[in-house]
There are 2 protein chains.
Amino acid sequence: MPGKMQRIPDVVIRRLPVYLRYLHQLQEYEVETVSSQQMGVDLNLNPAQIRKDLSIFGDFGIKGMGYKVAELAEQISEILGLNKEIPIVLVGVGNLGAALCRYNRYQESATKIIGIFDGHPSKIGQQHGSLEVRPMEELTEFVQQHKVKLAILATPPAAAQSVCDALVAAGIKAILNFAPLLLQAPPHVRVSNADVTSELQALAYYLHG
Amino acid sequence: MPGKMQRIPDVVIRRLPVYLRYLHQLQEYEVETVSSQQMGVDLNLNPAQIRKDLSIFGDFGIKGMGYKVAELAEQISEILGLNKEIPIVLVGVGNLGAALCRYNRYQESATKIIGIFDGHPSKIGQQHGSLEVRPMEELTEFVQQHKVKLAILATPPAAAQSVCDALVAAGIKAILNFAPLLLQAPPHVRVSNADVTSELQALAYYLHG
DNA sequence: GGGAGAATGTTAAAATTATAACAAGCCTTT
DNA sequence: AAAGGCTTGTTATAATTTTAACATTCTCCC
């Protein structure tokens, strides 16, 4: 019901891709419907939470029956904006960047890297799949020309903040940051940190707790 | 005060590495003390939250003065168990795995990859830095012999669950999972998901919201 | 076509997490 | 050595998030 605008919590948004992947898996097994109960068991989540998450966006279920897998997957895709291809630029084509580049090609997903950039002269022109590493000077124009709104940042930490500034200036709206530092970005730009070292350090705690 | 046992929230544990990195940065600039207020500004966090997080583990601050940077960094390291080296095995030496392997060498951190494994015969024996790819058959013995408790899983999704099972059976206590699927593991094994596609999909939402 | 069973969407309660407020205490300066 | 100004640790309050409960309604089967 779109009567009153409500802010949707981040935690909910972050669960949607989990639901979506699960539904795609069910589709592979040609399962046609699924209940929140079943989803809860398979995903280790509370069924009430799943129903509540989904009901924020609409009445997708059928009472007494559950959710139609294909239909729900379609709905979630639409909520996330994955119906049309989402172009991405990747900055920093080191080991990790190159790996992410290849990873992206194999994954079947709407999010697609369409341009890769690096500040180091020796990298320029290198071929990664169908993509050629471009110099940083071309970043702004490329982003604006292809209306790119999402970026992956995989540079060394020393370069990360200035690359971030350049991305923001070019009109990027969201950044997935692999550099191990806290990026400073304006509030309208969303930064998600995917820092391996931090993840490992947090896990370390549970080894002796 | 260790009088009453209290469960420490995950969110708090996940902020500790953030604090730690920040403190290390301050150390580079030879800053000796820092207040929760200053930390709050720099890390975009509420000062009260920072103080509360830290006070769970002890009284590290000095009233009227703040926290001694070096001392606090030391305390947090100890809380996380980073004082001694934490051995890690990495399973799946594809593009991503190899990148993580190199990444780990450059990062200065207590968490250290000491063994790398792959199920594909062509990979066995390949050299990555000082490490040689071992066959899966050696995993259990290696893990037990070196008392490894933490693993990075970077295999293709199809192999991920069986590798997970093998890791659990070998005595692994925590897994950082890069494979795009939900691992089933017993409750005493902590799994942290670092799934690039899911992260990107969640970010996609904010491009049109 | 009607009744039993099942599963949703929603409302209410509980639990968790974040923020604010403040008394206590330490450092610095006079 | 005493006072003032900071900043902590902690207690209290607010906000958010999770879980439970239930009335509603849909499907399936006889």
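In what follows, every chain begins at residue 1, and chains take the letters A, B, ... in the order their sequences are listed. Side-chain atoms are counted along with the backbone in the values below, which use heavy atoms only and exclude waters and symmetry mates.
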Enclosure of [X] [atom1] (heavy-atom neighbours >12, cutoff 6.0 Å):
| X | atom1 | answer |
| --- | --- | --- |
| B/Glu141 | CD | no |
| A/Gln37 | CD | no |
| A/Gln27 | CD | yes |
| B/Gln144 | CD | yes |

Distance-only side-chain donor-acceptor flag, B/Asp165 / B/Gln161, under 3.5 Å: yes
Provide, to the nearest angstrom, the distance between the [atom1] atom belonging to [X] and the [atom2] atom belonging to [N].
| X | N | atom1 | atom2 | value |
| --- | --- | --- | --- | --- |
| A/Ile8 | D/dT16 | CD1 | P | 14 Å |
| B/Asp59 | D/dT11 | CG | P | 12 Å |
| A/Gln49 | D/dA21 | CD | P | 16 Å |
| A/Asp10 | D/dT17 | CG | P | 8 Å |
| B/Leu54 | D/dT10 | CG | C1' | 14 Å |

Which nucleotide span of DNA chain C, 5' end to 3' end, has atoms closer than 4.0 Å to non-hydrogen atoms of chain A? C/dA6 to C/dA12
Suppose we call two aromatic rings close when their centres sit under 6.0 Å apart. Are B/Tyr103 and A/Phe178 close by that rule? no
Looking at DNA chain C, which of residues 66-77 of chain A put a heavy atom within less than 4.0 Å of it? A/Gly66, A/Tyr67
From CA spacing to verdict: side-chain contact (heavy atoms from CB on, under 4.5 Å), A/His128, A/Val133: CA-CA 8 Å; A/His128 290 266; A/Val133 179; 3.8 Å; yes
Regarding A/Pro47, tell me which of base, sugar-phosphate or nothing describes its non-hydrogen contacts under 4.0 Å with the strands shown. nothing
Quick one: on DNA chain C, does B/Asp53 or A/Gln37 contact a more 5' nucleotide (nearest heavy atom)? A/Gln37
Nearest heavy atom decides the nucleotide; on that basis, is A/Gly61 or B/Val11 closer to the 5' end of DNA chain C? A/Gly61
Only one of A/Ile116, A/Leu167, A/Ile113, A/Ile152 passes side chain to side chain contact (heavy atoms under 4.5 Å, CB included) with A/Val89, and that residue is A/Leu167
Quick check: on DNA chain D, is the nucleotide nearest A/Arg15 upstream (toward 5') of the one nearest B/Lys52, or the reverse? Name the residue that is more 5'. B/Lys52
Which letter, B, S or -, goes with each nucleotide of nucleotides 22-30 of chain D from 5' to 3', with contact meaning a protein heavy atom under 4.0 Å? --BBBS---
pair A/Leu54-A/Ile76: side-chain heavy atoms closer than 4.5 Å: yes
For side-chain contact (heavy atoms from CB on, under 4.5 Å), just list the numbers for B/Arg134 and B/Phe142, CA-CA rounded to whole Å, side-chain angles, deciding distance to a tenth of an Å, and then say yes or no. CA-CA 10 Å; B/Arg134 299 165 190 269; B/Phe142 186 94; 3.6 Å; yes
Please assess A/Ser198 against A/Asn193 for the test side-chain contact (heavy atoms from CB on, under 4.5 Å), listing each intermediate value before the final yes or no. CA-CA 10 Å; A/Ser198 289; A/Asn193 291 297; over 6 Å; no
